[in-house]
Amino acid sequence: IVTRDDVEELLKSVFQFVKDKEQLLEDLHSQTEATKQIISEKQHERDYWLEYKNVGSKIHAERASSLEKDIAEVKCELEKTEEHYREALKVVREENERLFDRHMKLLSEEALKSAVGYLDKNCRREIEENEWLKEEVKIYRKEESDLRASVQLLEEENTTLVAKLIDTKLQHLRV
């Protein structure tokens with residue numbers, strides 16, 4: 001038997017899990033910003049060394065190309081890490097939505113069972129009769145729409161016949 005406290009506790013744990021994942025996402029964003037700043041600094045350093053390389057220093061030219069490779073590697077790793085965490089976040093959100101929906105369904109089922117449990121026999125019978133009446137109303141509405149369609153067809157046919165009759169009388173009057 002699942003009690004209200006159990007469901008509330010489970011919902012609290014789900015919400016805490018979502019909160020933790022959002023905090024992780026914020027941490028990742030701050031790490032991403034820090035990495036972007038590092039990339040920017042490396043870019044400035046690379047520009048400096050490229051200028052120095054153009055002056056003619058072979059040793060420093062090699063260092064500049066090494067830094068360029070490092071920058072490219074860091075960018076590549078950053079993109080891979082961002083994509084990985086984006087996918088992980090998407091999966092976690094979908095899982096959280098699925099869990100939340102399932103828990104809400106359980107809560108509504110438990111609430112319905114609990115509410116029905118407190119009803120007396122007369123109320124339960126009224127609910128069952130109400131369901132039967134709903135089905136009967138559906139049947140009668142369908143029959144009504146069928147009858148309305150039939151009446152409309154008959155009215156159109158009668159209109160056509162009356163028009164023909166009037167045309168025939170007009171022809172006889174002319175003769």
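In this chain, residues are counted from 1 in sequence order. Heavy-atom basis, side chains included; hydrogens, waters and symmetry copies ignored.
For the pair Glu95 and Arg98, the salt-bridge criterion is met [side-chain N within less than 4.0 Å of a carboxylate O]. A salt bridge links Asp146 with Lys142: the distance from a Lys NZ or Arg NE/NH1/NH2 to an Asp or Glu carboxylate oxygen falls below 4.0 Å.
Taking 4.5 Å as the limit, every side-chain heavy atom of Glu110 sits out of range of all side-chain heavy atoms of Asp6. Side chains of Glu73 and Asp70 form a contact here, defined as non-hydrogen atoms less than 4.5 Å apart. Residues Tyr140 and Glu143 form a side-chain contact, since some pair of their non-hydrogen atoms from C-beta on lies under 4.5 Å apart. Between Glu68 and Leu50 there is a side-chain heavy-atom pair separated by less than 4.5 Å. With a 4.5 Å cut-off on side-chain heavy atoms, Arg141 and Ser145 do not count as touching. In this structure, Leu99 and Arg102 have side chains that are in contact, with non-hydrogen atoms separated by less than 4.5 Å.
For CZ of Arg148, the number of neighbouring non-hydrogen atoms (other residues, nucleotides, ligands) closer than 6.0 Å is 12 at most.
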Quick one: side chains of residues 10-21, donor-acceptor pairs under 3.5 Å with protein atoms, not counting sequence neighbours, listed by atom name and distance.
from, atom 1, to, atom 2, distance (Å)
Ser13, OG, Leu10, O, 2.6
Gln16, NE2, Asp20, OD1, 2.9

Enumerate, atom names and distances included, each donor-acceptor pair closer than 3.5 Å involving a side-chain atom of residues 28-45, sequence neighbours excluded.
from, atom 1, to, atom 2, distance (Å)
Ser30, OG, Asp27, O, 2.6
Thr32, OG1, Leu28, O, 2.7
Thr35, OG1, Gln31, O, 2.8

Going through the distances and angles, do Arg86 and Glu83 end up as a salt bridge (Lys or Arg N to Asp or Glu O under 4.0 Å)? CA-CA 5 Å; Arg86 194 175 298 119; Glu83 183 63 29; 2.9 Å; yes
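Taking hydrophobic clusters as Ile, Leu, Val, Met, Phe, Trp and Tyr residues chained together by side-chain heavy-atom distances below 4.5 Å, Leu173 does not share a cluster with Leu165.
One distance of note links CD of Glu26 with CG of Leu24; it measures 10.0 Å at 0.5 Å rounding.
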